[in-house]
Structure formats: structure tokens, C-alpha cells
Novice: 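Structure provided below as C-alpha cells; questions to follow.
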Amino acid sequence: MDTTTSSGEAVYLLDYGAGNVRSVINAVRHAGCNDLKFIETAADFDKADRIIFPGVGAFGQCMGKLIELNYVEPLRKYLASGKPFLGICIGMQTLFESSEENPDIPGLGVIPGVVERFKVDRAVPHMGWNGIRLTKPSSFFEDGTDERVYFVHSFCAQPTNANKDWIMSETDYGDFTFISSIQKGNIIATQFHPEKSGKTGLALFKRFLSLKKLDVDAGTISSVKRTTKLAPRIIACLDVRSNDAGDLVVTKGDQYDVREKSDAGDVRNLGKPVALAQQYYEDGADEITFLNITSFRSSPLQDQPMLELLRRTAENVFVPLTIGGGIRDIVEPDGTKKSALEVAGTYFRSGADKVSIGSDAVLIAEEYYKTGIKTGRSSIETISEGYGAQAVVISVDPRRVYVASPDDTPHHTIPTEVPGPNGEKFCWYECTIKGGRESRDLGAYELVRACEALGAGEILLNCIDKDGSNSGYDIELVRDIKAAVGIPVIASSGAGRPEHFKDVLEQTNADAALAAGIFHRREVPLPTVKQYLLDNGVAVRPQ
């Protein structure tokens with residue numbers, strides 16, 4: 001069957017084996033193209049009227065795969081043909097001459113310049129919703145330039161005199177300005193992910209597929225240079241497990257206990273995962289996280305219930321999706337071994353953008369401190385190498401341990417304004433595994449530093465003491481962990497009022513705040529949180 005748009009054009013997607021292309025496919029379908037086809041041979045480039053080239057992970061891996069598949073010259077030929085092309089993230093970076101990420105591997109060399117690592121005093125990867133500033137009129141963006149779009153990258157291209165004719169928009173990250181989109185003729189590429197940018201991104205796909213010429217000017221642009229700013233994220237978290245009847249439900253624990261206090265002791269049921277995720281997307285959630293708190297050891301990987309949950313969610317939810325639970329080396333029921341990289345890859349192909357690693361990360365960090373060696377074989381290292389650091393989230397489940405003096409423990413301690421039961425004025429945070437059931441002789445501070453060194457790209461920071469309390473986030477913990485690492489930190493556990501989100505974002509510089517129970521029970525709806533933050537000067541993405 002021919003792959004066509006409404007105008008009869010053949011639309012192809014160039015997939016070199018990257019992570020989550022399912023969201024791109026779903027976004028294209030939402031834009032009206034129901035017969036998207038994959039480029040499978042070099043000859044397919046000549047058949048295409050439009051090509052979409054999404055990419056995640058490492059520059060060198062992407063270019064290496066294009067070389068291996070003999071796609072480089074056919075792609076260059078297509079780009080020179082004048083036919084419409086849309087590159088996304090790494091799909092844009094490959095258009096440049098090279099990248100500091102893999103300096104020995106040349107890019108396509110279509111655009112002058114070298115892709116560089118961010119040189120900022122802020123968290124890297126640059127992750128979340130930021131704005132764009134048009135440098136020339138564009139029919140691609142039309143009036144959507146005030147909307148925020150979703151970025152996740154550690155490397156970027158900077159504006160120069162040599163590439164200024166290509167630049168369509170720029171974006172600021174602190175004092176650092178980078179190219180956020182390019183356009184010349186019918187070639188368009190974005191550093192951000194339109195497939196993860198909600199309704200704004202869907203509109204961009206629709207324009208790409210419908211415009212006969214992508215270089216048509218659309219009016220004028222403002223002469224006033226507007227600075228863009230990365231917005232702190234508000235994340236909805238869904239703890240998913242099977243209830244006693246075997247159905248997948250969203251639940252929420254009280255210090256990790258998810259069963260009702262009644263005599264029956266049923267699993268607390270707060271709704272259906274796919275329906276709730278859709279609702280939170282409509283409510284303006286910046287990301288959605290699924291934490292699988294049920295072990296499905298009796299199910300082969302391909303039959304995992306969470307895979308179908310992701311596939312169904314990704315059909316209509318166009319913000320980043322994270323999946324946690326079971327991301328480790330496994331043995332299938334038939335004895336077949338699957339590496340953590342293979343497990344993660346299966347989740348990415350089902351619709352996940354990031355995977356969250358919990359207990360396994362603690363054990364990996366313990367071994368790292370014991371040997372001082374990066375083996376390259378841990379789940380953190382292999383997934384980061386294969387899909388990029390931004391794809392690896394470390395979920396930390398610590399509990400507070402009081403000490404009278406820092407000399408009483410070898411662990412990193414902090415002074416606390418919340419004294420212990422015996423008046424202790426210092427504490428450290430003990431890591432746990434197995435859903436908080438087993439304590440380990442490792443501090444949260446040491447854990448996150450080890451995981452960052454091994455290649456993790458983000459920290460999801462829980463707190464057992466605060467879980468289900470509705471008393472606010474553990475500000476002291478979040479502030480300490482935020483200062484410990486140079487990667488984004490998500491504050492979790494304890495939110496009960498809109499004020500708690502403002503407190504943790506302003507007092508700790510956390511990159512995101514996550515909540516679960518108060519959203520599920522509609523005690524504080526997600527739109528209420530966002531509106532409160534906007535009304536009080538916290539520049540989150542509007543609903």
C-alpha cells in the first residue's frame with residue numbers, strides 16, 4: 001500500500017533503531033496521515049515525497065547506523081532534491097558537520113557548524129518545556145511562537161555567521177543561546193520534540209504534512225528580542241499494580257503500603273491507568289510517570305501488561321512517558337535471559353521515553369563504590385550508552401536517619417531544622433530497595449553521585465517519611481540532592497496543597513515536582529496547582 005497524505009504524497013519515516021518512534025507515528029496519524037511507511041532500503045529514499053527523521057540517543061550511534069545501512073548518500077541526495085524533510089532532535093544534529101559527543105564521526109555536513117555540549121551552570125540534560133524565539137517569518141510555526149515545546153538534550157548547535165541563514169528559531173538556557181530549529185527551502189528540523197509537545201507539536205506535524213512549500217514567509221516577526229526560559233515541570237505519577245482480581249489499577253500507598261485499612265485489606269483502587277493518564281494529559285501534565293509496583297515474573301517480556309498500557313497511552317498522550325519497575329536483567333519463564341538494555345528497548349518501542357531504575361541502581365552503586373570501576377555492563381551504563389543519558393531516571397527511596405553528630409556515621413549528613421526523637425540535629429538519608437522493605441548501608445547522596453557518574457540523566461527523589469503525608473516535600477532532602485548532582489532532580493512525596501509545589505520549586509531549584517494521590521483523588525486537581533503557580537510567579541507551562 002502506498003503511504004500517502006491527503007494530497008497523495010508518499011510519506012516515509014527514517015527509523016535507524018532509535019528509542020520511542022511510536023509517538024512520532026501516532027502524532028503523524030493524528031495529523032491525518034494514516035499510511036506512514038518506514039524506509040527499509042536505500043532505494044526507498046527515491047520513493048519518498050516527504051521524510052520524517054526522528055532521533056534520540058547519541059550522535060555517533062545515529063551516524064554509525066546510517067553508515068552501516070548505506071543511508072548516508074541517499075539521504076544527502078534527498079536533502080538536495082528540494083523535497084520536504086523534517087528532522088527531530090538527533091535528526092537535526094546530524095545535519096551539522098560533526099558533534100563534540102563523537103568528534104571522530106562526521107555528520108551529514110549540510111549545515112556549517114559543530115554540535116557542542118551545553119556550557120551552563122545548570123542541570124544537563126536541558127530537559128523540559130522551553131520557548132522558541134523566531135529569527136525569521138515562518139509558515140511552519142505561524143502564531144505558535146509563544147507556546148512552550150519539549151526539549152531533552154545535552155548537546156546543541158550554536159548560532160554563527162556561517163549558519164545564520166539556516167536558523168529559524170533560537171532558545172535560551174540561562175545565559176546560553178542555542179539553535180532550536182532550522183529551515184532552508186523544504187528542509188526543516190527541530191532540536192525539540194514536537195511529538196512530545198502536546199497540541200502545539202501536533203499542529204506542527206499537520207503543517208509539515210499539508211504545506212506544499214515549507215519556506216513560505218508568514219508575516220513579520222517582532223524586533224524585540226524575547227528571552228526564553230525553561231519551565232519547571234509538574235508531573236503526574238501513577239503507581240500501577242494488579243489488584244486481587246488481576247486487573248491493572250492505579251493505587252497509592254501510605255509510606256508504601258497500598259492496601260486499604262479495612263478488614264478486607266483490598267488494594268487501594270484509584271482508577272484505570274490509561275484513562276487517568278489521558279485525563280492528566282488534558283489537564284496539562286508536563287510528563288506522566290508509570291511505576292509498576294507489581295512483579296510479573298510469570299509473564300514473558302513481550303506479554304508484560306505494562307507494554308500494552310504504554311501502547312494504548314501513547315496513542316493519545318503526547319507528553320513524555322516514563323516507566324519504572326522491572327528494568328533490570330531478567331530470566332524469562334522459559335529460561336531465556338534478557339539484558340536490562342533489551343528490557344528497556346522493549347519499553348521504548350512500546351511508547352516510553354524514559355525508564356526509571358530503582359533497587360537495581362542501589363546495588364549497582366554499592367558495587368561501584370566497592371570496586372571504583374565502571375564496568376560498562378550495568379543497566380545504567382548500557383541503557384545510557386544505547387539511548388542517551390536522558391533516557392535513564394534513577395528512582396531513590398530513602399528514609400531519614402537521625403544522628404547526634406556527623407562524626408557518628410560515615411555517611412554524608414546534613415543539619416536539620418526538624419530535630420530527631422532525642423533532639424538530634426543532624427541526619428542522613430538511608431537508601432532502601434524492594435519497595436522500601438529492605439534498608440541498605442548507602443546514603444541517598446552517595447547513590448545519586450554514583451549514578452550520575454555511571455551515566456544516569458535524571459533523579460526521581462522520593463522520601464518514605466513523607467509518602468502519603470500531605471505535609472509537603474522534604475525540602476532539606478531535595479535541596480541536598482539538587483546540590484549533589486548536575487542532572488535534573490524531580491521532587492516527590494508529600495504534596496498536599498498547591499503551596500507545597502511552590503515551596504519545593506522555589507526553595508530547592510528542583511527541576512520538577514511530582515505528585516500522585518492528591519491528583520488521583522482530586523483533592524487538589526492538577527490544573528489548580530498550575531494556576532496557583534502561575535498566579536504566584538512560578539512560570540510553569542500553562543494548561
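All values reported here derive from a predicted model rather than from experimental measurement.
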Novice: Restricting to side chain to side chain donor-acceptor pair (under 3.5 Å), what partner residues turn up for Glu385, sequence neighbours left out?
Specialist: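 Residues passing side chain to side chain donor-acceptor pair (under 3.5 Å) with Glu385: none at all.
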
Novice: For a 4.5 angstrom cut-off between non-hydrogen side-chain atoms, does Thr528 reach Gln531?
Specialist: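 Heavy-atom side-chain distance check fails, nothing below 4.5 Å.
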
Novice: For a ring-ring contact (aromatic ring centres under 6.0 Å, His included) check, start with the C-alpha distance between His520 and Tyr280, then their side-chain angles and the critical distance, and finish with the verdict.
Specialist: CA-CA 9 Å; His520 306 333; Tyr280 293 141; 5.8 Å; yes

Novice: Taking the side chain as every heavy atom from C-beta outward, state whether Glu506 and Val538 have any atom pair closer than 4.5 Å.
Specialist: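 Touching, per the 4.5 Å side-chain cut-off.
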
Novice: If you measure only the distance, is there a donor-acceptor pair under 3.5 Å linking the side chains of Ser471 and Lys466?
Specialist: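 Per modelled atom types, Ser471 and Lys466 side chains form a pair under 3.5 Å.
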
Novice: Check step by step if ring-ring contact (aromatic ring centres under 6.0 Å, His included) holds for His153 and Phe118.
Specialist: CA-CA 9 Å; His153 56 121; Phe118 273 108; 5.0 Å; yes

Novice: Looking at Phe178, Tyr173, Trp129, which hits ring-ring contact (aromatic ring centres under 6.0 Å, His included) with Phe151?
Specialist: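 The single option meeting the ring-ring contact (aromatic ring centres under 6.0 Å, His included) with Phe151 is Phe178.
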
Novice: Before giving the answer on ring-ring contact (aromatic ring centres under 6.0 Å, His included), spell out for Tyr387 and Phe348 the whole-Å C-alpha distance, their side-chain angles and the decisive distance to 0.1 Å.
Specialist: CA-CA 9 Å; Tyr387 294 96; Phe348 291 138; 4.6 Å; yes

Novice: For the residue pair Asp503 and Tyr473, establish whether any side-chain heavy-atom pair is separated by less than 4.5 Å.
Specialist: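 Not touching, per the 4.5 Å side-chain cut-off.
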
Novice: Ser339 and Asp329: side-chain donor and acceptor closer than 3.5 Å?
Specialist: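 No, Asp329 and Ser339 have no side-chain donor paired with an acceptor closer than 3.5 Å.
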
Novice: Indicate yes or no: at least one non-hydrogen side-chain atom of Thr171 is less than 4.5 angstrom from one of Thr177.
Specialist: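 No, too far: nothing below the 4.5 Å cut-off.
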
Novice: Should Arg117 and Glu101 be marked as a salt bridge (Lys or Arg N to Asp or Glu O under 4.0 Å) after you check the CA-CA gap, both sets of side-chain angles, and the distance that decides it?
Specialist: CA-CA 7 Å; Arg117 184 174 175 84; Glu101 186 173 16; over 6 Å; no

Novice: If we only count heavy atoms from C-beta on, is the Leu460 to Ile394 side-chain gap below 4.5 Å?
Specialist: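 No, side chains not in contact.
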
Novice: Is the CG atom of Asp175 crowded by more than 12 outside heavy atoms at less than 6.0 Å?
Specialist: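 Incorrect, the count does not exceed 12.
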
Novice: What I want to check is whether the side chains of Thr432 and Asp397 have a donor and an acceptor closer together than 3.5 Å.
Specialist: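 Note: Thr432 and Asp397 side chains miss the donor-acceptor criterion.
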
Novice: Judged by atom type as modelled, is there a donor-acceptor pair below 3.5 Å linking the side chain of Asp474 to the main-chain atoms of Glu476?
Specialist: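 Yes, because the side chain of Asp474 sits within donor-acceptor range (under 3.5 Å) of the backbone of Glu476.
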
Novice: Tell me whether Asp283 is salt-bridged to Arg522, with the criterion being a basic N under 4.0 Å from an acidic carboxylate O.
Specialist: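 Yes, charged N to carboxylate O under 4.0 Å.
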
Novice: What's the verdict on ring-ring contact (aromatic ring centres under 6.0 Å, His included) for Tyr402 and Phe426, showing C-alpha distance, side-chain angles and the deciding distance?
Specialist: CA-CA 6 Å; Tyr402 285 101; Phe426 296 89; over 10 Å; no

Novice: Any Lys/Arg nitrogen of Lys530 or Asp286 sitting under 4.0 Å from an Asp/Glu carboxylate oxygen of the other?
Specialist: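 Counted as a salt bridge, because a side-chain N and a carboxylate O are separated by less than 4.0 Å.
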
Novice: Any side-chain heavy-atom pair from Arg440 and Ile433 closer than 4.5 angstrom?
Specialist: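 Yes, close enough: below the 4.5 Å cut-off.
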
Novice: May I ask you to say whether Glu458 pairs ionically with Lys354, meaning some side-chain N is under 4.0 Å from a carboxylate O?
Specialist: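 Salt bridge between Glu458 and Lys354, a charged N being under 4.0 Å from a carboxylate O: yes.
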
Novice: Please name the residue in the list Asp353, Thr322, Ile323 that meets the side chain to side chain contact (heavy atoms under 4.5 Å, CB included) test with Tyr347.
Specialist: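 For Tyr347, the side chain to side chain contact (heavy atoms under 4.5 Å, CB included) test succeeds with only one of Asp353, Thr322, Ile323, which is Ile323.
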
Novice: Could you go through the salt bridge (Lys or Arg N to Asp or Glu O under 4.0 Å) check for Glu287 and Arg233 one step at a time?
Specialist: CA-CA 7 Å; Glu287 294 185 16; Arg233 291 166 281 150; 2.6 Å; yes

Novice: Dump the intermediate steps for side chain to side chain donor-acceptor pair (under 3.5 Å) on Asp480 and His412, then the final yes or no.
Specialist: CA-CA 10 Å; Asp480 189 50; His412 169 83; 3.0 Å; yes

Novice: Supply the atom-to-atom distance Ile481 CD1 to Arg449 CZ, rounded to the nearest 0.5 angstrom.
Specialist: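 The CZ atom of Arg449 is 10.0 Å from CD1 of Ile481, to the nearest 0.5 Å.
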
Novice: Would you please test Ile234 and Phe519 for side chain to side chain contact (heavy atoms under 4.5 Å, CB included) and show each step?
Specialist: CA-CA 11 Å; Ile234 303 302; Phe519 293 158; 4.2 Å; yes

Novice: Tell me if the NZ atom of Lys119 is crowded by more than 12 foreign heavy atoms within 6.0 Å.
Specialist: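 More than 12 within 6.0 Å, yes.
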
Novice: Have Ser378 and Glu381 got a donor and an acceptor in their side chains that come within less than 3.5 Å?
Specialist: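 The answer is yes; a qualifying pair exists.
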
Novice: Run Arg400 and Thr416 through side chain to side chain donor-acceptor pair (under 3.5 Å) and show every step you take.
Specialist: CA-CA 11 Å; Arg400 181 176 285 222; Thr416 177; 2.8 Å; yes

Novice: Of the options Leu454, Ile364, Ile327, which is the one that meets Ser379 in a side chain to side chain contact (heavy atoms under 4.5 Å, CB included)?
Specialist: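 The single option meeting the side chain to side chain contact (heavy atoms under 4.5 Å, CB included) with Ser379 is Ile364.
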
Novice: Take Glu116 and Gln158 through the test side chain to side chain contact (heavy atoms under 4.5 Å, CB included) and record every step on the way to the result.
Specialist: CA-CA 8 Å; Glu116 304 174 4; Gln158 287 188 272; 2.8 Å; yes

